[in-house]
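Remember, it's 1-based here, ligands and their atoms both numbered in the order they're listed.
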Amino acid sequence: MTQKVALVTGAAAGIGAACAKRLARDGAAVGVLDLDADRCAETVASIIKDGGQAIALGCDISNRDQVQAAVGKLTTLFGAINILVNNAAITGYWPFLEMTDEQWDMIHKVNLTGTFIVTQEILPGMIEANWGRIINIASSAAQTGAPRMAAYASSKGGMIALTRSLAVEFGPAGVTVNVIPPRFITGTIMSEDSFARSKQPMSREQLAMAGPVCREGRPEDIAGAVSWLASDDAAFVTGQVIGVNGGRIIA
Ligand SMILES: NC(=O)c1ccc[n+]([C@@H]2O[C@H](COP(=O)([O-])OP(=O)(O)OC[C@H]3O[C@@H](n4cnc5c(N)ncnc54)[C@H](O)[C@@H]3O)[C@@H](O)[C@H]2O)c1
């Protein structure tokens, strides 16, 4: 992956940080994007300590001006972006009948509109290079549904549909687009918060044992799949929903 440039959103922590570190280890120069540049410092320091290249990009993915500035900064420093991991997201838990317009809009604005904005700003460079990899991080909640998470689950379902549409539209331009819907990845802010506030309908142990691999998922499990999807080896894979979920069968 030498000389490739990757942008990972939501990379200050959790799954995004693991993806950024993994792509850097694979040889890419990485834009570590998150809401606050200072929060990206740990991920960037770890990449540089291991001999990689990275820059912190403070940016709200739902703000087009900020996205344009971040993409400009990364491109000026390392060159055109070849790999995009749309990972940043927020969640919220509300009984459907009590959810307000503002809560619904807030979730969709970040998870779906933010993905749309970042992707639209980066795709032209990939098309020009006739090579690009877009990996979207959705959620198994989009496949199974989740109580009190209708806004989050539908925003992630939108990411799956967006993935398939972009794969069809930009396959001829050398750009592959795939989506990973994780399930139960521990050690991240989002998953630990949901356990701390008892938002999960199942216990940790029940969740771990619900798939044949019988353990909790780790951010590195997702990063490994992202690394492969970003590689030349995955050139013939596009528009796919790649389940990295311990083997739990989801129809
Ligand atoms: N952890 C899980 O079990 C799990 C399960 C299913 C899906 N996912 C998905 O995986 C991805 C990563 O989740 P995680 O568990 O690592 O969560 P996390 O909360 O630890 O990380 C998400 C990161 O996104 C950043 N972010 C939020 N809004 C942003 C915005 N507007 N602009 C820029 N950055 C923003 C946050 O600051 C945070 O650093 C998310 O898309 C999430 O929906 C996670």
Please check if atom CD in Glu128 has more than 12 non-hydrogen atoms from other residues, nucleotides or ligands closer than 6.0 Å. no

Per side chain to side chain donor-acceptor pair (under 3.5 Å), Asn136 is matched among Asn87, Thr115, Thr163 by Thr163

Carboxylate-amine/guanidinium proximity below 4.0 Å for Glu192 and Arg204: yes

For Arg164, check salt bridge (Lys or Arg N to Asp or Glu O under 4.0 Å) against everything at least two apart and list the hits. none

Can you give me the closest heavy-atom contact between Ala138 and Tyr152, atom names plus distance? O-OH, 4.4 Å

Less than 4.0 angstrom from a charged side-chain N to a carboxylate O is my criterion; do Glu121 and Arg64 meet it? yes

Distances only, to 0.1 Å: what are the N or O pairs between ligand 1 and the protein that fall under 3.5 Å?
residue: ligand 1; atom: 1 (N); partner: Ile185; partner atom: O; Å: 3.1
residue: ligand 1; atom: 1 (N); partner: Thr188; partner atom: OG1; Å: 3.4
residue: ligand 1; atom: 3 (O); partner: Ile185; partner atom: N; Å: 2.8
residue: ligand 1; atom: 3 (O); partner: Ile185; partner atom: O; Å: 3.3
residue: ligand 1; atom: 15 (O); partner: Thr188; partner atom: OG1; Å: 2.6
residue: ligand 1; atom: 16 (O); partner: Ile15; partner atom: N; Å: 2.9
residue: ligand 1; atom: 19 (O); partner: Met190; partner atom: N; Å: 3.4
residue: ligand 1; atom: 20 (O); partner: Ile189; partner atom: N; Å: 3.0
residue: ligand 1; atom: 31 (N); partner: Asp60; partner atom: OD1; Å: 2.9
residue: ligand 1; atom: 32 (N); partner: Cys59; partner atom: O; Å: 3.4
residue: ligand 1; atom: 32 (N); partner: Ile61; partner atom: N; Å: 3.0
residue: ligand 1; atom: 37 (O); partner: Asp34; partner atom: OD1; Å: 2.5
residue: ligand 1; atom: 37 (O); partner: Arg39; partner atom: NH1; Å: 2.9
residue: ligand 1; atom: 39 (O); partner: Asp34; partner atom: OD1; Å: 3.4
residue: ligand 1; atom: 39 (O); partner: Asp34; partner atom: OD2; Å: 2.6
residue: ligand 1; atom: 41 (O); partner: Asn87; partner atom: O; Å: 2.7
residue: ligand 1; atom: 41 (O); partner: Lys156; partner atom: NZ; Å: 2.7
residue: ligand 1; atom: 43 (O); partner: Tyr152; partner atom: OH; Å: 2.6
residue: ligand 1; atom: 43 (O); partner: Lys156; partner atom: NZ; Å: 3.0

